[in-house]
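One structure, as C-alpha cells, below. Some questions next.
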Number of protein chains: 2
Amino acid sequence: MTGRTPAPRKATRRDVARLAGVSDAVVSYTLNGTAPVAAATAERVLAAVEQLGYRPNQAARALRSGSADTLAFLVPSSSDPVFTNPFFGEYASTLEAAARDRGYALYTTATSFRPDEVLARFREFAARQIDGVLVLAGSTPLDSAALDRVGLPWIALNVATGEHGVASLGTDLRAGAVAMTTHLLEHGHGSVGFVGQDDPSEPRYVGWLQACTAAGVPAGPFIAAEVTRPGGRDAGHRIADERSADPTPAPRAFFVASDRTAVGVLRAFHERGVRVPEDIAIASFDGSSEAEYAWPGLTTFRQPIDEMAQSAVARLLATDRDHTHELFPGELVRRRSCGCPDAG
Amino acid sequence: MTGRTPAPRKATRRDVARLAGVSDAVVSYTLNGTAPVAAATAERVLAAVEQLGYRPNQAARALRSGSADTLAFLVPSSSDPVFTNPFFGEYASTLEAAARDRGYALYTTATSFRPDEVLARFREFAARQIDGVLVLAGSTPLDSAALDRVGLPWIALNVATGEHGVASLGTDLRAGAVAMTTHLLEHGHGSVGFVGQDDPSEPRYVGWLQACTAAGVPAGPFIAAEVTRPGGRDAGHRIADERSADPTPAPRAFFVASDRTAVGVLRAFHERGVRVPEDIAIASFDGSSEAEYAWPGLTTFRQPIDEMAQSAVARLLATDRDHTHELFPGELVRRRSCGCPDAG
DNA sequence: TTGAAAGCGATACCAT
DNA sequence: ATGGTATCGCTTTCAA
C-alpha cells in the first residue's frame with residue numbers, strides 16, 4: 001500500500017523529551033554530545049528515541065545551524081552535446097563514500113553548463129544550506145569570479161589547466177599524452193598522428209607534440225575531431241579514406257584524445273576494413289571500461305578517479321582551503337590496439 | 001579567490017521588508033502569490049529583492065511547510081557488483097527536467113541496494129523533508145512494506161514484474177524478448193538460443209521461450225550468464241568453444257539479455273574468431289549507446305527511457321496516486337549483428 | 001548535570 | 001491590501 005496509509009505523526013524532539021522525562025535540551029545534548037549527560041539519563045533518552053523512532057528534522061537543524069551537512073556534485077547534463085564524462089558513475093560513487101565518511105550526504109545534480117545556469121544552481125545550493133560544491137568541469141569554462149560571489153566553497157574536478165585562485169584538480173593530460181605517444185613510437189612507428197580537439201594549447205596536443213619532438217620524428221598528421229564517439233567515427237572515416245587513396249599505404253599510429261573518441265575511430269576503421277593494429281595502431285586516453293571491451297582492446301591512459309575524488313572532498317572540506325590546481329599522474333594500460341602482442 | 005572572501009551576510013526576508021517599507025508578510029505574499037498585493041507595493045518589494053540579492057532560505061521554508069520541494073533519485077552505487085544501469089544518465093537527465101518543470105529539484109544519490117541501507121536512505125530523505133523517491137531498481141528486491149512505513153511516496157523504475165500495491169514501471173521485457181527472438185527467426189535460423197540470467201520466470205526468458213514455441217522451433221541452447229560485460233564474455237567463450245568442438249558447425253543465432261552482456265559476448269567472439277553475424281547472429285536488449293558503437297552494431301530492443309521517466313515523476317507527484325505496475329512498449333532497432341544487410 | 005528560553009527564516013492566520 | 005505574530009523543530013547560551 002505504498003504511501004496510501006499516511007505515516008503516523010512524526011515524533012519530534014519534544015515528544016522524546018517528554019517520554020524520557022527530561023527537557024528538550026537534554027535530548028540535544030545526548031544526541032549530539034554537546035554537553036555532559038548522566039549515564040542513566042542518556043539511557044532513558046536513547047530508549048525514548050528508539051521507541052518513538054525519532055529522527056531529527058534536518059530542515060530545522062539546517063535552519064538553526066546554517067548547514068545541511070550536504071555536498072552537491074554538479075555534473076553536465078547528458079543532453080549537453082559537447083561533453084559527457086565516462087567516469088561520472090565512478091566519480092559519484094567515490095565522492096559519495098568520501099563525503100559520507102565525513103558525515104556529509106552527497107547529492108548529485110545535472111545541469112547544462114551555460115554560465116548563467118551554473119550560477120543559478122550555485123544560488124539554489126546556497127539557499128538550501130549546502131556546504132560545498134564539487135563541479136565536474138565540462139569543456140565550457142566556468143565563471144569562477146561569479147561563482148565565488150555566491151559564497152559557497154567549491155572545487156572543480158576534471159580540470160586540465162589550473163586557473164589562478166580556483167581550487168581544482170585533474171589528471172596530468174600532457175604527461176599522459178607524452179606517455180602514450182612515446183609508447184606508440186617505441187613500437188617502431190616512424191611518426192604518430194593525433195586525433196583530438198583543434199586547440200594547440202590543449203595539454204594532450206602539447207604532450208603529443210613534445211613527445212614527437214623529443215623523439216626527433218615529425219609530428220604525424222593532426223586530425224581535428226570533436227571528442228565524442230561520433231566525432232571519432234568521422235575522424236576515422238577521414239583517416240581511412242585518405243589511406244585508401246594512397247597506392248602504397250604504410251602502417252601508421254594515432255594517439256586519440258579519449259576512449260570514447262577512439263571507440264568511434266575503431267568503428268569507422270571496422271566499417272572501412274582497416275585493421276587495428278596491423279594497418280593502423282591506436283592508443284587512447286581515460287582508462288574507462290569502454291576501452292576494455294572495445295575490439296581490439298584499447299591501450300589507454302588510466303585516470304586515477306578514486307584518488308582524485310578522495311582529494312576533492314578532503315580539500316573542499318578542509319578548514320584551511322587552498323585554491324590551487326592539483327595534478328594527478330595516471331597510468332598506461334597496455335592492450336592490443338597499440339600493437340602490444342600479449343596484451344588483452 | 002574561490003571561497004576566500006566570506007560572502008556578505010545573506011539578506012533575509014526581514015531585510016527586504018524593511019528596505020521596501022512593508023511588513024514581512026507582504027514579502028511572502030508578493031513572492032508566493034498567497035494574497036493579493038497592490039501593484040505599487042509589489043514593485044517595491046521586487047526591487048528590494050533584486051537590490052539585496054535576496055533568496056528565500058529553503059531550510060526555513062522546508063521547516064515551516066514540511067516540504068523541501070525536492071525529489072530523490074536513488075540509484076544502485078556503481079560499486080554494487082550485481083548491477084549497473086546503462087541508462088542511469090539518461091534517466092537522471094529526463095527525471096531532472098520533469099521534476100524541474102513541476103517546481104521540484106532532483107537529487108540523485110547512490111546506494112548499495114542492501115535492504116537495510118535502502119531503508120536508511122529513505123529515513124534520511126524523510127528527515128530532510130524530501131517529497132518523494134524514485135528508485136532505480138536493481139536486481140535485489142525491495143522490502144516495499146518497510147519502505148512504505150517511512151511514509152514517503154515512492155515509485156520503482158526499471159521493474160520487470162509488478163508487485164501488488166507498489167507503484168512501479170518498466171519496459172515490457174517479455175514482449176521485447178518475443179520481438180527480438182522472432183526477428184532472429186525471420187532471418188531463417190532454425191533455432192535461437194538465449195544468453196541471460198538463469199531464471200525461468202524472468203520475462204526475457206519467458207518471451208524467448210514463447211517466441212520459439214509459437215514458431216514451432218526448438219528453443220535453442222540456453223546459456224546461463226551474469227548480465228554484465230564479463231558475464232557475457234564468459235558465455236561467449238563457452239559458445240565459441242562448443243562451436244569449435246563441432247566438426248560441422250552450423251550458423252546459429254542468440255538473443256542476449258542486455259547490450260552490456262552482448263558487448264561481452266562480442267568480445268569473446270572476436271577473441272575466438274567467430275564472425276558475427278555470419279557464424280553466429282546476435283540480437284540484444286536495451287538500446288543503449290554501447291549497442292550503437294559496438295562492432296558489428298547490435299540489433300537491440302530500445303527501452304523508452306524518456307517516456308518512463310516522465311511518467312514516473314507524474315505518477316509520483318499525482319494527488320491520487322496509483323500503486324500499479326505500468327508496462328511500456330519498446331522498439332526494435334535494426335543493426336548488423338542480426339544479419340540485417342543494409343543496417344548500421 | 002539539567003532546564004528555560006531566545007532565536008534561525010519563512011508562512012499563514014487573524015485582525016485591521 | 002497590509003501588518004502583527006504564533007509556529008515549524010532544533011541548537012545553544014545562560015542560570016540554576
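Labels below follow one simple rule: chain letters A, B, ... track the order of the sequence lines, proteins then strands, and each chain is numbered from 1.
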Discussion item. For a quick test of reading the model, state the closest non-hydrogen atom pair linking B/Ala105 to A/Glu124 and the distance between them.
Written reply: CB-OE2, 3.7 Å
Worksheet item: Between B/Arg44 and B/Glu50, does at least one N-O distance fall below 4.0 Å, as a salt bridge requires?
Response: no
Practice prompt. Please state whether the phosphate of D/dT11, meaning OP1 or OP2, lies under 4.0 angstrom from any side-chain nitrogen or oxygen of A/Asn32.
Written response: yes
Fill in: Atom pair distance, as rounded to whole Å: CZ in B/Arg128 and P in D/dC8
22 Å
Worksheet item: Do we see a donor-acceptor contact under 3.5 Å between the side chains of A/Gln310 and A/Thr94?
Response: no
Worksheet item: Does some side-chain heavy atom of B/Phe328 sit less than 4.5 Å from a side-chain heavy atom of B/Gln303?
Response: no
Worksheet item: Whole Å only: how far is the CZ atom of A/Arg13 from the P atom of D/dC8?
Response: 10 Å
Worksheet item: Quick one: do the A/Glu163 and A/Ser144 side chains pair a donor with an acceptor below 3.5 Å?
Response: yes
Item to complete: Please state how far atom CZ in A/Arg14 lies from atom P in D/dT11, giving the value in whole angstrom units.
Response: 15 Å
Discussion item. Please give me every residue in residues 18-31 of chain A whose heavy atoms get under 4.0 Å of an atom in DNA chain D, ordered by residue number.
Written reply: A/Ala25, A/Ser28, A/Tyr29
Practice prompt. Round to a whole Å and report the spacing from CD of B/Gln129 to P of C/dT11.
Written response: 14 Å
Worksheet item: Is there a residue in residues 40-68 of chain B whose heavy atoms reach under 4.0 Å of DNA chain D, and which residues are they?
Response: B/Thr41, B/Leu63, B/Arg64
Could you give the side-chain donor-acceptor pairs of residues 27-35 of chain A under 3.5 Å, partners two or more places apart or in another chain?
| unit_1 | atom_1 | unit_2 | atom_2 | d |
| --- | --- | --- | --- | --- |
| A/Thr30 | OG1 | A/Val26 | O | 2.6 |
| A/Asn32 | OD1 | A/Arg61 | NH2 | 3.3 |
| A/Asn32 | ND2 | A/Ser28 | O | 3.4 |

Fill in: Aromatic plane relationship, B/Phe88 with A/Phe88 - under 30° parallel, 30 to 60° tilted, over 60° perpendicular
parallel
Worksheet item: Under 6.0 Å from the CD atom of A/Glu43, do we count more than 12 heavy atoms belonging to anything else shown?
Response: no
